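Structure record follows, encoded as structure tokens.
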Protein chains: 2
Amino acid sequence: MDTKKLFQKFVAFTTAVHRVKHEMTKDVRTGEITPVQYDILEYIAVSQPVTLSEISDCQHLSMPNASRELKKLAEKNLCEKFAASEDRRKQYIRLSKKGEAMMNKVFESVEARFLERIKHASEEDLKEIEHALDVLHAKAFYS
Amino acid sequence: MDTKKLFQKFVAFTTAVHRVKHEMTKDVRTGEITPVQYDILEYIAVSQPVTLSEISDCQHLSMPNASRELKKLAEKNLCEKFAASEDRRKQYIRLSKKGEAMMNKVFESVEARFLERIKHASEEDLKEIEHALDVLHAKAFYS
DNA sequence: CTCTTTAGTTATCATTTGATAAATAAATCG
DNA sequence: CGATTTATTTATCAAATGATAACTAAAGAG
């Protein structure tokens, strides 16, 4: 196998994923939050409940900066902190009602665009897409 | 086909691509340039020669901001502008020798990590990966 | 019970990024 | 030719982000 060619495809593909993701989410960000705050909210939505340390690690933010941004999100009533019973230093974070509502709207909108994007795909195509997602996730974009 | 489930895979996959790309490129950025400047350089490297307007469009930067960042890159001798003969308002932009050298090193390093990432894949696996890249690029992450 | 480590906060400062207004200069349109 | 559009620049300001130091409070180790 010509891995050089494979690598080029890998790069082009990665760029395409970036572009498409940006296009699908660019206007879902309300004026209320910054890009970094949106990323944090998205992460919480998918992984809640999470700790501050996890946000810091996964979003590549220092603890002080993560703490600051989370405070702003809490002030905007988009997420809530609650103490962990096992360890009183820790706190778990989850979306508030308002945060849930916002992220639900976001995901609905993104899903609609996704469906639009695959609307001309046949049942076969969809199977192929699903399989391709599984393959790449497992063999190239694993953690 | 359960498109709900497919959408969830799509989201999880997109996140994984982000994460992997970040991991593969995080330390290739020398201290000399900012993240936005790195993105511009990467875009020039792949698409050169490009115009300022193209950078502005593709990198989602306003013209004034694109112009500013490009000026900084030119001052660092990482890229060069040259007038377009057809239209004297335009200028084409390409990497300088130094910029080429920098980006070559970057791509080498990323390629090495890519190879590391797929080193345990069999010849069959590689074929499957390549096919999956083609399928997804054409049917889900097209432009 | 001290010592060290872990989780998180607050404050501060520098840098980066984004947004906007106003300018130049060349191309194109009528 | 004059008016408009296109490509780009410069300047300026506000906001977002990143980095660092110094702090509190609880947990865990010996």
Side-chain angles (χ1 to χ4, degrees), chain A residues 18 22-23 25-44 47-76 78-94, chain B residues 18 22-23 25-44 47-76 78-94:
Chain A
H18 251 82
H22 182 270
E23 205 205 301
T25 56
K26 62 183 171 192
D27 51 5
V28 298
R29 296 153 159 77
T30 76
E32 203 180 351
I33 56 176
T34 71
V36 170
Q37 286 166 11
Y38 173 81
D39 289 341
I40 293 175
L41 275 190
E42 198 181 274
Y43 175 68
I44 300 174
S47 312
Q48 62 186 331
V50 296
T51 65
L52 227 214
S53 305
E54 286 167 344
I55 293 175
S56 166
D57 280 354
C58 298
Q59 299 304 118
H60 315 290
L61 292 167
S62 68
M63 279 291 285
N65 292 337
S67 177
R68 176 186 59 200
E69 296 309 319
L70 202 75
K71 192 180 171 190
K72 290 179 188 167
L73 287 172
E75 278 162 2
K76 290 168 184 167
L78 292 168
C79 66
E80 300 167 339
K81 309 176 181 182
F82 58 102
S85 48
E86 343 83 79
D87 184 336
R88 289 193 316 182
R89 288 169 306 180
K90 274 194 195 173
Q91 50 186 352
Y92 285 109
I93 295 148
R94 65 183 164 210
Chain B
H18 252 81
H22 182 271
E23 205 204 302
T25 56
K26 62 183 171 190
D27 51 6
V28 297
R29 299 156 157 77
T30 75
E32 202 179 352
I33 58 177
T34 71
V36 170
Q37 286 166 11
Y38 173 81
D39 289 341
I40 294 175
L41 273 191
E42 197 180 273
Y43 175 68
I44 299 174
S47 312
Q48 62 185 331
V50 297
T51 65
L52 226 214
S53 305
E54 287 167 343
I55 293 175
S56 166
D57 280 354
C58 298
Q59 299 303 118
H60 315 292
L61 292 169
S62 67
M63 279 292 287
N65 292 337
S67 178
R68 176 186 60 200
E69 296 309 319
L70 202 74
K71 191 179 171 190
K72 290 180 187 167
L73 287 171
E75 280 163 0
K76 289 169 185 167
L78 292 168
C79 66
E80 299 168 340
K81 309 174 179 184
F82 57 101
S85 46
E86 344 83 78
D87 184 337
R88 291 193 313 183
R89 288 169 305 181
K90 275 193 193 173
Q91 50 185 351
Y92 285 109
I93 295 146
R94 67 184 162 212

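Residue numbers begin at 1 in each chain, while the letters A, B, ... track the order of the sequences. Just so you know, these numbers use all the heavy atoms, side chains as well, and skip hydrogens, waters and symmetry mates. Just so it is clear, the model here is predicted, and its values are computed rather than measured.
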Between C1' on C/dT17 and CD1 on B/I33, what's the gap in Å once rounded to a whole number? 15 Å
D/dT9 phosphate, OP1 or OP2, under 4.0 Å from B/Q91 side-chain N/O: yes
Are B/K90 and D/dT9 close enough that a side-chain N or O sits under 4.0 Å from OP1 or OP2? no
Less than 3.5 Å between a donor and an acceptor, one on the side chain of A/R89 and one on the base of D/dG28, is that the case here? no
Out of curiosity, B/E42 CD to B/D39 CG, how far, rounded to the nearest 0.5 Å? 6.5 Å
Does OP1 or OP2 of D/dA15 have a side-chain N or O of A/K72 closer than 4.0 Å? no
NA contact type, A/T51, heavy-atom cut-off 4.0 Å: base, sugar-phosphate, or nothing? sugar-phosphate
Let's see if you can work this out: which of C/dG8, C/dT17, D/dA16 has an atom nearest to the side-chain heavy atoms of A/P35? D/dA16
Is a side-chain N or O of A/S47 found less than 3.5 angstrom from the main chain of A/Y43, in a donor-acceptor match? yes
Has A/T34 got a side-chain N or O lying under 4.0 Å from the OP1 or OP2 atom of D/dT17? yes
Given 3.5 Å as the limit, does a donor-acceptor pair link the side chain of B/K76 with the main chain of B/E32, or not? yes
Side-chain donor/acceptor contact of A/R68 with base of D/dG18 under 3.5 Å: yes
Which atom of B/K90 lies closest to which atom of B/T51, heavy atoms considered: CD-CG2, 4.3 Å
Can you tell me which nucleotide in D/dT9, D/dT17, C/dT16 comes closest to the side chain of A/V36? D/dT17
When B/I93 and A/R88 are each assigned the nearest nucleotide of DNA chain D, the 5'-most assignment goes to B/I93
In whole Å, what is the span from the CG atom of B/N65 to the C1' atom of D/dT12? 12 Å
What contact category does B/P64 fall into here, base, sugar-phosphate, or nothing, at under 4.0 angstrom with non-hydrogen atoms? base
Shortest non-hydrogen contact from A/L70 toward A/K81: CD2-CE, 3.8 Å
Which nucleotide sits closest to the side chain of B/S67: D/dT9, D/dT8, C/dA19? D/dT9
Distance in angstrom units between B/I55 CD1 and D/dA7 C1', rounded: 13 Å
Side-chain contact check for A/K71: nearest option of C/dT10, D/dT8, C/dA7 is C/dT10
So which nucleotide from D/dA7, D/dT17, D/dT20 ends up closest to the side chain of A/S62? D/dT20
In whole angstroms, how far is the P atom of D/dT17 from the CD atom of A/E69? 6 Å
Nearest to side-chain heavy atoms of B/L52, which nucleotide of C/dA7, D/dT9, D/dA7: D/dT9
Carboxylate-amine/guanidinium contact A/K72 A/E75, below 4.0 Å: no
Comparing B/D87 with A/L61, nearest DNA chain D nucleotide closer to 5' gives the residue B/D87
Please determine if a side-chain N or O atom of B/S53 lies less than 4.0 Å away from the OP1 or OP2 oxygen of D/dT6. no
Could you tell me how far apart B/Y38 (OH) and D/dT17 (C1') are, to the nearest whole angstrom? 20 Å
